[in-house]
Amino acid sequence: QAPKLTWSAPKRNGRRARKRTATLLERVASGVAGLGPVYTALLGHDAAAVRPRGQGILMVSMCSQNGCGVSFTSPIHSPTHSPDGTVLPPPSPPSPPPPPPSPADPDGLPECVTAARQLRRVLRSSKSALQENGLAFPMTLACDNATLAILRTRPQWYGLWDSYMLLDTAKARRAFFAANLLQERRQLQLHFLWKLMAQAMTPYEETLYLDNDVLVLQATLAKDLLTNTLRVSDLVMPVDPVRQAPRTSRSEARKAKQSRQFGRVAKTPPMYDAGIPPLCTCVMAYRRTPSVLRLLEGATIRLALSLNPA
């Protein structure tokens, strides 16, 4: 005789978890609804005035002491300083000196300039093939005043992008606090917030976003992502196979960092334990649809309010 099927009542922990999830979603929805003044402060005008059109490439670069990363404008040859600006001890064994800067760029190249030059080079090499298909991919740089001032010192740098999206990060930071969307006591690299908001305010209907440390080797990357992939998907991102899971122990985090440094790939990425693939925003192709905008704005609020442990 087959055993009788029985169902147990949900445990109290399950109900608590659902309640916490519902509360979190309410906070995120409330925060997204309050982003209007922050957008206005960041862009200098109402976000509704942005009229996206066509296809294009977006990059973001910040020059700030509040943290740094792939969106940070800095010379690519700086072996004596860490990403946070602190001075590092001499390496052991000593590394070879960096190559001397070219006469045209005596101060070295910012990351964004290096990436944009390479991208221009590959797009120019495939210009005839793109034109035959009626394709043109303008490039836009979203940046703060300090970055724009640096680029304007070199006409060959400033001319790499077709247009600029100026971000007033100081006003946007004050607007975040005024809306109670940012915690003063938390050490947060704010450029990640501006990056997400710039991605949401892209001037293109279909966008290829690239971090400053991503060098494009073939123009087919932009062509395939913007003209083929976005026909079947609204959002495309690569997977990060060595990203640590939320609440990872220090030893596990150290191992993950070492794996990243030495190019190893985790056999079982810990983020998969939660059923969510560890996506990376270094390269993104996306359509400016309401669902994608909700995703980017929700990620902004979760990051600002420390709601995402990852």
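Numbers for residues simply follow the sequence, beginning at 1.
The aromatic rings of Tyr158 and Tyr164 sit parallel to each other, their planes meeting at less than 30°, with 60° as the upper class boundary.
With sequence neighbours left out, the ring-ring contact (aromatic ring centres under 6.0 Å, His included) criterion links Tyr286 to no other residue. In terms of the salt bridge (Lys or Arg N to Asp or Glu O under 4.0 Å) criterion, residue partners of Arg120 (sequence neighbours excluded) are, by chain and number, Asp162. Partners of Ala142 under the side chain to side chain contact (heavy atoms under 4.5 Å, CB included) rule, at least two apart in sequence or in another chain, are Leu58, Val60, Met165, Leu167, Ala198. By the side chain to side chain donor-acceptor pair (under 3.5 Å) test, Thr153 pairs with no residue at all, sequence neighbours left out. Annotation: side chain to side chain contact (heavy atoms under 4.5 Å, CB included) contacts of Thr220 (sequence neighbours excluded): Gln218, Asp224. Considering only residues two or more places apart in sequence or on other chains, Thr300 meets the side chain to side chain donor-acceptor pair (under 3.5 Å) condition with none of them. Here Asn180 pairs with nothing under the side chain to side chain contact (heavy atoms under 4.5 Å, CB included) rule; sequence neighbours left out. Among residues two or more places apart in sequence or in another chain, the side chain to side chain donor-acceptor pair (under 3.5 Å) test is passed with Glu206 by Gln55. Residues passing the side chain to side chain contact (heavy atoms under 4.5 Å, CB included) test with Arg53, sequence neighbours excluded: none. The side chain to side chain donor-acceptor pair (under 3.5 Å) check on Arg121 picks up Gln118, with sequence neighbours excluded.
Between the side chains of Tyr209 and Thr202, no donor-acceptor pair is found at a separation under 3.5 Å.
Contact check for Arg117 versus Gln156: side-chain heavy atoms found under the 4.5 Å cut-off.
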